[in-house]
Number of protein chains: 2
Amino acid sequence: MNRSNQILKDILKSNRLSVTNQRLLIFNILSQNQPLSMNELIKKTNSEIDRVSVYRIIETFISVGIAQKVSLGWKYKIELSDTFQDHHHHLICLACNKTIAIHNQGLESYLNKIANENNFETKNHQIEIQGYCSDCQKS
Amino acid sequence: MNRSNQILKDILKSNRLSVTNQRLLIFNILSQNQPLSMNELIKKTNSEIDRVSVYRIIETFISVGIAQKVSLGWKYKIELSDTFQDHHHHLICLACNKTIAIHNQGLESYLNKIANENNFETKNHQIEIQGYCSDCQKS
DNA sequence: CTATAATTGCAACTGATTTGCAATTAATTA
DNA sequence: TAATTAATTGCAAATCAGTTGCAATTATAG
């Protein structure tokens, strides 16, 4: 039992949610992968969980802050929330579909400044850059 | 006939696309509104255009640079391209659903810097801030 | 004005997500 | 630990978004 799994259980329990095998499996899949689309995630469950349940579990995870949606272009993928990994954004390669995490505090404060200038109370934000990674620029 | 309509027709003609009433109507709806989801757009056509055609027209508009998708959270909406309005991003109010355009050159160059540091060739980017606008913070 | 090419509308389809409900599993209590 | 209760899951079926094929219509070019 590692640290992340303990945090997961604490979050579930403090929200009166059951610790089920299905929830643990999905958490572990998310832990071991880049952001996944719903279909990618469903595939990785290897039919051990019904698709409907995967949707419901992700909905639950998002509502209690275990997972979060990140928009990639105009689709979205699922990744663990900032509780389990540092807040970040992504570069997305249009060729190989790879995501590169970017951690950049300057960018964050820049966005805060803009929100303040507009008297806007920020709840969340999305930043993504789409293009070609260094590997894929050759071809 | 205003200036924008003339630009629209020029773009269509230079791409050997017909100038049809349906295309003009959709262009005018987009001109007069904030970014619209496909369903919002379809509703505003007031059944004068079949849903399938709306999808096809937007696809065409995007391919020739008349319109563009903007991701809002993990959905997307359609707005006129940078040809018809300056490049910008949005603050989105979670309460009233209003979008506030932000024009900020510093932000753009910041993103370019990040891409360069990662040897990444940018094709497009998305930035959105979700929260509560000044009007909606009271309630 | 006619011929040709592009576009639209309709019907039907596919894939993603949601809903209702019964069966199962986890948590609570004695 | 067993029995009870509450939460969760799986299944079937519905809904919603987006797509495809094709015939009917409309725009463009001559």
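In this text the structure is predicted, and so the values were computed from the model without any measurement. We use all heavy atoms of the structure for the numbers below, so side chains are in, but hydrogens, waters and symmetry mates are not. Letters A, B, ... are given to chains in the order of the sequence lines, protein chains preceding strands, and every chain is numbered from 1.
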Sort me out a list of protein N/O and nucleotides 21-27 of chain C N/O pairs below 3.5 Å, or just none if empty.
unit_1 : atom_1 : unit_2 : atom_2 : d
C/dA27 : OP1    : A/V19  : N      : 3.0

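- Between B/Y55 and C/dG9, a side-chain N or O to OP1/OP2 separation shorter than 4.0 Å is absent.
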Could you walk me through whether B/E40 and B/K77 pass salt bridge (charged side-chain N to carboxylate O under 4.0 Å, His left out), step by step?
-> CA-CA 9 Å; B/E40 288 167 340; B/K77 298 201 173 193; 3.4 Å; yes
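- Distance B/I58 CD1 to C/dT8 C1': 15 Å, rounded to the nearest Å.
- Closest to the A/I49 side chain, of the nucleotides D/dT9, C/dA11, D/dG10, is D/dG10.
- Counting only distance, with no hydrogens or angles, the side chain of A/S81 and the backbone of A/T83 share a donor-acceptor pair below 3.5 Å.
- Side chains of B/Q126 and A/Q130: a donor on one and an acceptor on the other come within 3.5 Å.
- In this structure, B/E59 reaches neither bases nor backbone, as no heavy-atom distance under 4.0 Å exists between it and the strands shown.
- Between the side chains of B/H89 and B/H103, no donor N or O sits under 3.5 Å from an acceptor N or O.
- Between B/R51 atom CZ and C/dA11 atom P the separation is 14 Å, expressed in whole Å.
- With rounding to whole Å, B/L24 atom CG is found 15 Å from D/dT26 atom P.
- Place B/D50 and B/R16 on DNA chain C by their nearest nucleotides, and B/R16 ends up nearer the 5' end.
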